[in-house]
Amino acid sequence: MDAGVPARRRREMAAAVSGAGRCRLSKVGAARRPLPARVRVAVRLRPFVDGTAGENDTPCVRGLDSCSLEIANWRNHQETLKYQFDAFYGERSSQQDIYAGSVQPILRHLLEGQNASVLAYGPTGAGKTHTMLGSPEQPGVIPRALMDLLQLTREEGAEGRPWALSVTMSYLEIYQEKVLDLLEPSSGDLVIREDCRGNILIPGLTQKPITSFADFERHFLPASRNRTVGATRLNQRSSRSHAVLLVKVDQRERLAPFRQREGKLYLIDLAGSEDNRRTGNKGLRLKESGAINTSLFVLGKVVDALNQGLPRVPYRDSKLTRLLQDSLGGSAHSILIANIAPERRFYLDTVSALNFAARSKEVINRPFTNESLQLPVLAPVKLSQKELLGPSEAKRARGPEEEETRSPELPVAPASASQKLSPLQKLSSMDPAMLERLLSLDRLLGSQGSQGTPLLSTPKRERMVLMKTVEEKDLEIERLKMKQKELEAKVLAQEAADPKEKENYSPTMLRPLARRTVTVAKPLKKAVVMPLQLIQEQAASPNAEIHILKKKSRKRKLESLDASQPEEKAEDGWELQISPELLAHGRQKILDLLNEGSARDLRSLQRIGQKKAQLIVGWRELHGPFSQVEDLERVEGISGKQMESFLKANILGLAAGQGCGPS
């Protein structure tokens with residue numbers, strides 16, 4: 001039974017026809033739009049693991065040729081399902097065969113400023129990590145790719161070549177939906193961002209520059225030991241996370257137009273999907289397998305959405321698919337290596353991996369060159385003071401003696417590149433740094449063949465406005481200079497007419513300013529409201545002083561500039577006056593309350609709260625009763641002014657029998 005071959009053929013033909021139609025319709029934009037590149041899929045069948053194959057155990061997968069294979073149909077054992085891919089590597093295939101046949105051809109795209117990615121997919125125990133890493137005797141895809149890439153960069157970036165190349169590496173893992181930096185494990189969970197051009201990046205990810213394979217091993221081998229692995233029933237060293245090695249190649253052109261290119265290589269070792277009934281996962285291993293299966297399920301949804309042309313592709317549903325956005329449906333040349341096992345107990349996992357690989361083969365990417373231009377930085381030009389001055393200022397700076405020594409018969413030298421900008425020579429008030437940059441840019445344009453380009457090829461209207469502004473400024477300067485000369489001549493004439501005034505005249509002498517009186521704002525009048533009971537008692541007593549608030553007239557000085565003649569002005573104000581008997585009566589009540597009152601009674605005083613009341617009670621129990629009210633300073637540590645305000649705030653209410661609430 002041929003599974004899906006006719007349907008796939010029809011889809012390929014439809015894609016080819018639609019692609020050809022697009023090229024015919026948009027001939028102008030054909031050069032701008034990146035050419036499509038399908039995700040290439042290779043399938044690797046690992047051999048039987050030692051000790052697992054029985055005498056009668058036959059493989060469930062059989063290769064037909066270098067691109068196709070067949071597997072038994074679980075619905076009908078007399079039929080087989082056939083799959084066709086870009087490459088098929090059987091049990092006897094070596095690491096070199098897989099690398100040279102599928103991975104090595106895409107490395108050249110990195111030197112063109114394009115991205116590439118290699119993904120190892122398959123169930124747990126199928127040999128993904130062995131394919132990517134290998135062993136010292138049989139190195140895998142990662143060491144072989146780095147060795148060849150570094151060799152290419154050394155050759156292309158050698159002296160005399162137009163490009164200078166540099167290589168950096170980053171290594172991370174996605175463990176339970178957390179992005180962890182394996183080169184710097186203490187950095188914690190990192191975030192995945194997208195820049196304005198749609199490139200996926202990870203801020204804070206460590207980048208290590210490498211120039212040789214020894215540098216790569218020095219960083220990669222310790223970081224590999226930081227990856228999370230665990231033992232299950234199917235694999236003693238099962239990867240519990242998705243590992244991503246990012247290699248970035250930066251290119252800078254040594255000559256004009258100084259282009260820059262950036263190519264990225266993603267080498268991804270995906271964790272395998274697991275059946276917890278066969279792996280026996282419990283506790284932490286069960287949680288890890290749940291996160292792995294969830295991310296792989298989202299990966300399948302992304303592939304299906306791309307194949308169906310849905311408007312929304314769920315890249316953001318998982319950290320893995322978010323990071324693989326360039327590899328699947330993005331701008332990278334992608335290679336998917338599907339690893340499968342021959343044992344019949346892995347039959348369902350093998351069929352699932354083959355179906356995913358068949359769907360991934362239909363995904364279309366559009367790689368493009370990541371290139372930008374960098375303008376060269378002009379070296380600053382050092383100009384003399386005479387070059388910064390205009391012609392009129394330079395003539396005055398030379399002096400009359402230098403003008404007389406100059407021979408009028410000498411021929412005039414031809415104008416240099418800096419003198420061609422005659423309007424700019426008048427801008428003596430311009431910033432010297434800006435003037436240096438303009439003159440150096442004009443010289444560069446003159447050396448490239450632009451003969452006498454006025455004002456850096458400024459449009460005519462703007463050039464005329466600029467020249468007119470410069471002329472107006474020069475006229476204004478000349479007018480001010482003439483006015484200054486007239487004033488100087490007038491002063492000299494006055495001095496010659498009155499020599500006595502000249503003797504008494506001092507340029508630093510200033511006339512005294514007119515004396516001005518400065519008044520100070522009047523303070524606000526304040527009044528104290530007395531309790532009604534206290535006022536009634538004072539009114540009943542014949543000898544009581546009822547006038548608690550007394551209007552008092554006082555004088556205050558007015559500030560003026562002339563300190564020798566102070567001015568005084570009477571001002572009405574209010575002053576609080578309390579009779580001595582009332583003051584003594586209030587102090588006695590406060591003293592009785594301090595010696596006999598409880599903490600609750602003390603809180604009735606103003607400025608006494610719960611904390612101060614407890615301190616007063618504790619001090620009284622320790623040292624005995626208070627002899628006078630001023631002893632309160634030793635408890636609270638308040639000054640004399642604060643004690644006076646405390647007495648005034650509480651004495652009236654206590655004398656009249658009225659308590660004040662706590663502050």
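Treat the numbers as computed from the prediction; the structure is a model and nothing was measured.
Crowding of Arg193 atom CZ: a count of heavy atoms from other residues, nucleotides or ligands under 6.0 Å not exceeding 12. For Arg316, the CZ atom is loosely surrounded, since the number of other residues' heavy atoms within 6.0 Å does not exceed 12. The environment of CZ in Arg261 is crowded: more than 12 heavy-atom neighbours from other residues, nucleotides or ligands sit within 6.0 Å.
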**Item:** salt bridge (Lys or Arg N to Asp or Glu O under 4.0 Å) evaluation trace for Glu156 with Arg161
**Value:** CA-CA 6 Å; Glu156 294 294 330; Arg161 292 299 185 103; 3.4 Å; yes

**Message:** Apply side-chain hydrogen bond (donor to acceptor under 3.5 Å, both in side chains) to residues Ser241 and Glu173 and explain how you reach the verdict.
**Reply:** CA-CA 6 Å; Ser241 63; Glu173 70 171 353; 2.6 Å; yes

**Residues Val43, Leu354; criterion side-chain contact (heavy atoms from CB on, under 4.5 Å); working and verdict** = CA-CA 8 Å; Val43 177; Leu354 292 175; 4.1 Å; yes

**Request:** Run the numbers on Asp269 and Thr129 for side-chain hydrogen bond (donor to acceptor under 3.5 Å, both in side chains), then give the verdict.
**Result:** CA-CA 6 Å; Asp269 181 14; Thr129 303; 2.9 Å; yes

**Request:** Tell me, with the steps shown, if Ser93 and Asp97 meet side-chain hydrogen bond (donor to acceptor under 3.5 Å, both in side chains).
**Result:** CA-CA 6 Å; Ser93 299; Asp97 296 337; 4.9 Å; no

**Request:** Under the side-chain hydrogen bond (donor to acceptor under 3.5 Å, both in side chains) rule, what do Ser360 and Tyr121 come out as? Steps first, then yes or no, please.
**Result:** CA-CA 11 Å; Ser360 301; Tyr121 181 87; over 6 Å; no

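The distance from the OH atom of Tyr315 to the CD atom of Glu194 is 10.5 Å, given to the nearest 0.5 Å. Considering CG of Leu110 and CD of Glu262, their distance stands at 11.0 Å, rounded to 0.5 Å.
Counting only N and O atoms by type, the side chains of Thr206 and Tyr171 include no donor and acceptor under 3.5 Å apart. Of the N and O atoms on the side chains of Arg144 and Gln104, not one donor lies less than 3.5 Å from an acceptor on the other residue. Thr131 and Asn339 are linked by a side-chain donor-acceptor pair at a separation below 3.5 angstrom, with hydrogens and angles left out of the test. Ser331 and Arg366 share no donor-acceptor pair across their side chains, judged by distance under 3.5 Å alone. Using modelled atom types, one finds a donor on one side chain and an acceptor on the other under 3.5 Å when comparing Ser117 with Ser334. Using modelled atom types and a 3.5 Å distance limit, the side chains of Ser352 and Asp349 yield no donor-acceptor pair. Tyr99 and Asp148 share a donor-acceptor pair across their side chains, judged by distance under 3.5 Å alone.
Side-chain atoms of Asn115 never come within 3.5 Å of backbone atoms of Gly263 as a donor-acceptor pair (strictly under, hydrogens ignored). Judged by distance alone, with hydrogens and angles left aside, the side-chain atoms of Asn355 form a donor-acceptor pair with the main-chain N or O of Val351 at under 3.5 Å. Between the side chain of Asp181 and the backbone N or O of Ser186, no donor-acceptor pair lies under 3.5 Å. Between the His333 side chain and the Ala116 main chain, no donor and acceptor come within less than 3.5 Å of each other.
Partner Val179 forms a side chain to side chain contact (heavy atoms under 4.5 Å, CB included) with one of Ile192, Leu323, Leu205 and no other, that one being Ile192.
The shortest non-hydrogen separation linking Cys60 to Ala341 is SG-O, 4.3 Å. Gly125 and Arg46 get closest at one heavy-atom pair: O-NE, 2.9 Å. Nearest heavy-atom pair across Glu253 and Trp163 is N-CE3, 3.5 Å. Residues Leu336 and Ala357 come closest through the heavy atom pair CD2-CA, 4.2 Å. Of all heavy-atom pairs between Lys128 and Pro123, the closest is NZ-O, 3.0 Å. Closest approach of Gln114 and Pro367 over heavy atoms only: OE1-CB, 3.9 Å.
Salt-bridge check for Asp304 with Arg359: passed, with a basic side-chain N closer than 4.0 Å to an acidic carboxylate O. Using a cut-off of 4.0 Å between Lys/Arg side-chain N and Asp/Glu carboxylate O, Asp215 and Arg218 are scored as salt-bridged.
Ring-plane geometry between Phe216 and Phe220 is classed as parallel, the angle between the planes falling under 30 degrees on a 0 to 90 degree scale with a further cut at 60.
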